[in-house]
Amino acid sequence: MRRKLAAGNWKMNGLSTDMGEVAALPTGLGVDVLICPPATLIDRMVRDPDTFVQVGGQDCHPNPNGAHTGDISAQMVADAGASHVILGHSERRQDHGETDALVRSKIEAAWSVSLVAVLCIGETEAQYQAGETLDVLRTQLAGSLPDGAAPGNLVIAYEPVWAIGTGLVPTMAEIESVHGFIRAELATRFGTDTADGIRLLYGGSVKPSNADEIFAVPDVDGALVGGASLKAADFGAIMMALDAAAKAISV
Ligand code: 13P
């Protein structure tokens, strides 16, 4: 049984004064909780005695060190205390020209220091309109996933670019079919046991108001939440919706 995961991507948001939002999250739920704050807050969040969450980075460089001003290596993310790192987010692909090959090398770097990679994949609006979604995802998976993927080192987040920060969400049937497709692709390459263990998150305009229906979709093992992860009231409500979905499956 895959344990559900509620993951928050704070993107370029969050100061030390926002740490209270994490401390205010509900505790004692039967789901994993991961917050990926800006790199400046990783160490503080890891050390905060009031928080129980796992902490992740939002990016890393493929090299362990070197002359790369402004970059942060996987080793540094791990050294700060993070357990996960988001890689291949569409905002990195768009803003920084990241290719599948680069994302793949970043995942290898993450794995070399035992970080769990949270690989983001997803189609643009134009690709969606053109009916190219599955082709895009197949290409991204093939190009960005190294050999050796396993439930313990990988989480995949399906994030349609057109759904990020827009309030738009695919239909539940679309999410179900895409997540089923991703799992089938993983099974073809890594075998059924591995594919069955890897958690698949949905990301893109997840809110307390739509969390219940999204979490009821087969093959959705949680969410990667942007804007709604910044406030404890919203993210806490999403965590509770996920906990309810987990309990509904286990009865
Ligand atoms: P929003 O939840 O703000 O749409 O962002 C989703 C996202 O990009 C998470 O990585």
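Note that ligands are numbered from 1 as they come in the structure, with each ligand's atoms numbered from 1 the same way. Computed from a prediction, not measured in an experiment: that's the story for all the values here. Positions are given from 1 along the sequence.
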Spacing of CZ belonging to Phe181 relative to CG belonging to Leu141, to within rounding of 0.5 Å:
7.0 Å

If hydrogens are left out, which of Gly165, Cys120, Gly226 has an atom nearest to atom 4 (O) of ligand 1, that is, the closest non-hydrogen atom?
Gly165

Where ligand 1 meets Gly204 - atom numbers and elements under 4.0 angstrom, heavy-atom basis:
4 (O), 6 (C)

Is there a nitrogen or oxygen of Asn9 sitting under 3.5 Å from a nitrogen or oxygen of ligand 1?
yes

Got a sec: does the CG of Asp95 have more than 12 other heavy atoms crowding it under 6.0 Å?
yes

Below 4.0 angstrom, N of the basic side chain to O of the carboxylate: do Arg2 and Asp219 qualify?
yes

For Glu159, counting its heavy atoms only, list the atoms of ligand 1 lying under 4.0 Å from any of them.
6 (C), 7 (C), 8 (O), 9 (C), 10 (O)

Evaluating non-hydrogen atoms only, which member of Glu91, Lys207, Lys11, Gln58 is closest to atom 8 (O) of ligand 1?
Lys11

Name the orientation class of the two ring planes belonging to Tyr158 and His179 (parallel below 30°, tilted from 30 to 60°, perpendicular beyond 60°).
perpendicular

Do NZ/NE/NH1/NH2 and the carboxylate oxygens of Asp234 and Lys231 come within less than 4.0 Å?
no

Check Leu224 against ligand 1 and report side chain, backbone, both or neither, counting heavy atoms closer than 4.0 Å.
both

Run the numbers for me: atoms of ligand 1, each under 4.0 Å from some heavy atom of Ser205, listed by number.
1 (P), 2 (O), 4 (O)

I need the single residue from Arg93, Arg104, Arg92 that forms a salt bridge (Lys or Arg N to Asp or Glu O under 4.0 Å) with Glu98. Which is it?
Arg92

Please list the nearest protein heavy atom to atom 3 (O) of ligand 1 with its residue and the distance rounded to 0.1 Å.
Gly227 N, 2.8 Å

